[in-house]
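Reading through the structure tokens given below for one structure.
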Amino acid sequence: MRLYSTLQRELVELPPSPAKIGIYVCGPTVYQRIHVGNARPYVIFLWLRNWLKHRQYEVKLVSNITDVNDKIYVEAAHRSPPIESRKLAEEMSDRYREDTDRLGLGRPDAEPTATETMGEIVAMIAELIAGGHAYEAQGDVYFRVESYGDYGQLSRQKPDQMEDQEPGPLKEDPRDFALWKATKQGEDTSWESPWGKGRPGWHIECSAMAAKLLGPSFEIHGGGLDLVFPHHENELAQSRAAGQEFAHIWMHNGLLRLTGEKMSKSLGNIQTLEQVLKPPPEGWGRETLLLFFMTAHWRSPIDFSIETMDAAQAQANAFREALALDERENPTEEWSRLEQALDDDFNTPLALSILHEWRSRGARSLLFQGLSLFGLNTLKEEARPEVVKLQEERDTARKQRDFQRADELRRHIEKAGWSASDTSSGTVLWPKHERKH
RNA sequence: GGCGCGGUGGCCGAGUGGCUAGGCAGAGGCCUGCAAAGCCUCGUACAGCAGUUCGAUUCUGCUCCGCGCCUCCA
């Protein structure tokens, strides 16, 4: 198994299985409902975790929830009536769990919050100060970038070439970043620390949580491509400066783009994960979204549009039908083709093409097994009794060669969201899911 | 200005120094009561310009275009 790592800029081999693999993924900041883009890393890393387990690795996936942040303060204050930021964070954390639960991929093995990691955060900051890598200034604590020689190695930014920054009044160097921020007016949460009341900066929570739950050295760190700089650069600097090896492989998923005029005008309607996951005909449903994510390699950007989602929907329906039809062949030795595709940088578009090949050859068992890896076993469904009854009536009509009645019954079946395919070995029912435009 | 990632047929999207990706959409045919599936056939794909090579979409260089990041966005 090998994966492309941003740090090395090349494919990096994982230790042979069985082995322990720790994965840390940056989760969302909970100030509003998450959108489809936020779901991409969630899906990719759950798939990866499940695949590595399948490959006999002992995997621990940690994905944090950032529940202390400027945006949360701002959003909570702008609510009418304003609410406590802690309440907003709790509410949005619950929504986040609900929304991602509906993806049907299981949950990370741990989902720590900044709030519950405060002890470790403070301890780590103290350690950095003791080591000369950080300094206190009027209740704030800043990381001393100059003290870490490899700063910039992840993003390949040359510190002196970076865009000019407004030097913070308390910073020794404009590139220094906050580890701890003294409480300011309007912030309704704070914690005691050796430097007074305050709250952690953004980057430190991830370093502290990763060390707490995965140890000083672990295999994979993931997140969106937009986090490479500064967030991950800073995490790496802090953790290494604190004497930890930190993550070996850095995976950054490509971003989701919204294209097309019509789409961007109705952003509000289809952008949130909640909306997209609504079952058809209102939304696209989880299976279409998962297939959509499969169509692009995890490192590539992906365009979210009616066209691309419709294409994914058509694929979902093709799989649904194939899973209902009779098995025509069962080339079990071909399973390794799928393994190879996924072991080589988790190439889901290639894996998808193999699944389509099995679909068209009628290799139903293999297809089902393959789809199950991605949480798509639900593409196989049993018809509800009332639909089966319609089909039985239709069979009778067909036997009597009353084709007008048979076609009428087919329309009833379709109204119920199902489709009837007449094959040489009888009629099969399969669920056709279509979003209404 | 700096760093990085890309440009493949109508659309999405793998891959390879010479030999078929796959999906969606389209045209014709076989099959079918009708459909669906399946099968057959069809449409001059690899941004541009040089270079390396017997041969480049695949390697090298340059150009053009797109995207991301440059202190709190997954």
Side-chain angles (χ1 to χ4, degrees), chain A residues 4 6 9 25-29 31 34-45 63 66 69-71 143 145 152 154-166 168 171 174-178 181 201-204 222-234 252-257 291-292 294-297 299-303 305 307-315 317-319 321-322 324-326 328 341 344 347-357 359-362 397-398 401-404 406-407 410 414 419-424 427-428 430 432:
Chain A
Y4 184 86
T6 310
R9 308 275 163 179
V25 181
C26 289
T29 300
Y31 63 100
I34 65 163
H35 56 78
V36 221
N38 294 311
R40 177 125 99 138
Y42 189 93
V43 169
I44 288 167
F45 289 101
S63 183
T66 298
N69 180 285
D70 284 341
K71 285 187 172 170
F143 184 84
V145 167
L154 181 66
S155 61
R156 310 250 164 139
Q157 298 274 351
K158 290 187 184 117
D160 51 327
Q161 302 268 42
M162 298 196 306
E163 220 170 48
D164 285 348
Q165 296 307 320
E166 198 68 31
K171 292 180 183 179
R175 296 168 301 167
D176 291 351
F177 55 90
K181 298 175 167 185
W202 180 34
H203 318 297
I204 192 69
L225 197 57
D226 52 349
L227 295 181
V228 176
F229 191 91
H231 188 233
H232 287 168
E233 191 72 70
N234 291 352
H252 290 105
N253 63 273
L255 304 181
L256 183 133
R257 296 189 299 224
L291 247 355
F292 166 72
M294 273 189 88
T295 60
H297 185 100
R299 271 190 282 126
S300 303
I302 186 168
D303 287 316
S305 68
E307 289 72 29
T308 54
M309 286 298 284
D310 275 355
Q313 175 176 268
Q315 297 187 49
N317 281 328
F319 284 130
E321 176 167 28
L325 294 171
D326 286 338
R328 292 200 302 274
D344 187 10
N347 192 334
T348 57
L350 187 59
L352 183 58
S353 76
I354 293 167
L355 294 178
H356 276 295
E357 193 184 312
R359 172 183 66 79
S360 90
R361 284 162 63 184
R398 289 182 72 224
R401 302 194 67 77
D402 182 354
F403 295 119
Q404 209 177 334
D407 287 347
R410 184 202 288 286
E414 283 167 358
S419 207
S421 299
D422 303 320
T423 74
S424 53
T427 297
V428 297
W430 57 276
K432 190 172 190 175

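Just so it is clear: chains get the letters A, B, ... in the order the sequence lines come, proteins before strands, and each one is counted from 1. No hydrogens, no waters, no symmetry mates; every other heavy atom, side chains included, goes into these values. In this text, all values refer to a predicted model and were calculated from it rather than measured experimentally.
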Identified pairing partner of [N], criterion: Watson-Crick or G-U wobble below 3.5 Å:
| N | answer |
| --- | --- |
| B:C42 | B:G26 |
| B:C3 | B:G68 |
| B:U52 | none |
| B:U20 | none |
| B:G33 | none |

Can you tell me, in whole Å, how much space there is between the [atom1] of [N] and that of [M]?
| N | M | atom1 | result |
| --- | --- | --- | --- |
| B:A27 | B:C46 | P | 25 Å |
| B:C73 | B:U60 | C1' | 37 Å |
| B:G23 | B:C34 | P | 26 Å |
| B:C5 | B:C59 | P | 14 Å |
| B:C11 | B:A74 | P | 32 Å |
| B:A56 | B:A45 | C1' | 15 Å |
| B:G15 | B:U58 | P | 15 Å |
| B:G10 | B:G43 | C1' | 11 Å |

When we call it a touch if two heavy atoms are under 4.0 Å apart, what does [X] touch: a base, just sugar-phosphate, or nothing?
| X | value |
| --- | --- |
| A:I34 | nothing |
| A:S419 | nothing |
| A:H297 | sugar-phosphate |
| A:A420 | base |
| A:G37 | base |
| A:L255 | base |
| A:G362 | nothing |
| A:R398 | base |
| A:P28 | sugar-phosphate |

How long is the line joining [atom1] of [X] and [atom2] of [N], in whole Å?
| X | N | atom1 | atom2 | result |
| --- | --- | --- | --- | --- |
| A:F229 | B:G68 | CZ | C1' | 14 Å |
| A:I44 | B:A74 | CD1 | C1' | 10 Å |
| A:D303 | B:G6 | CG | C1' | 12 Å |
| A:R257 | B:A74 | CZ | P | 19 Å |
| A:R40 | B:C73 | CZ | C1' | 15 Å |
| A:R175 | B:C70 | CZ | P | 17 Å |
| A:L154 | B:G2 | CG | P | 21 Å |

Among [options], which nucleotide sits nearest the side chain of [X]?
| X | options | answer |
| --- | --- | --- |
| A:D226 | B:C73, B:A36, B:G33 | B:C73 |
| A:T308 | B:G33, B:C12, B:A37 | B:C12 |
| A:R328 | B:G38, B:A74, B:A14 | B:G38 |

Would you call the rings of A:F143 and A:F177 parallel, tilted or perpendicular, where under 30° means parallel and over 60° means perpendicular?
parallel

Quick check: closest heavy atoms across [X] and [Y], and the distance to 0.1 Å?
| X | Y | result |
| --- | --- | --- |
| A:E414 | A:S419 | OE2-OG, 4.4 Å |
| A:A420 | A:T427 | CB-CG2, 4.1 Å |
| A:T295 | A:I302 | OG1-CD1, 4.0 Å |

May I ask you to verify if any side-chain N or O of A:T423 is less than 4.0 angstrom from the OP1 or OP2 atom of B:U32?
no

Base of B:C34 paired with side chain of A:R410 (donor-acceptor, under 3.5 Å)
yes

Using a distance-only criterion (donor-acceptor N/O pair, under 3.5 Å, no hydrogens), is the base of B:C73 paired with the side chain of A:N38?
no

To the nearest 0.5 Å, how far apart are [atom1] in [X] and [atom2] in [Y]?
| X | Y | atom1 | atom2 | result |
| --- | --- | --- | --- | --- |
| A:N347 | A:R299 | CG | CZ | 9.0 Å |
| A:L227 | A:H232 | CG | NE2 | 4.5 Å |
| A:F319 | A:H356 | CZ | NE2 | 3.5 Å |
| A:R40 | A:N253 | CZ | CG | 6.0 Å |

Contact nearer the 5' end of RNA chain B, comparing A:S300 with A:E307:
A:E307

Judged by nearest nucleotide, the residue sitting upstream toward the 5' end of RNA chain B, A:Y4 or A:R361, is A:Y4

Distances under 3.5 Å between nitrogen or oxygen atoms of protein and nucleotides 19-24 of chain B:
residue	atom	partner	partner atom	Å
B:G23	O2'	A:Q315	NE2	3.2

Aromatic centroids of A:Y4 and A:H252 separated by under 6.0 Å
no

Can a side-chain donor-acceptor contact be found between A:S421 and A:E321 if the only test is distance below 3.5 angstrom?
yes

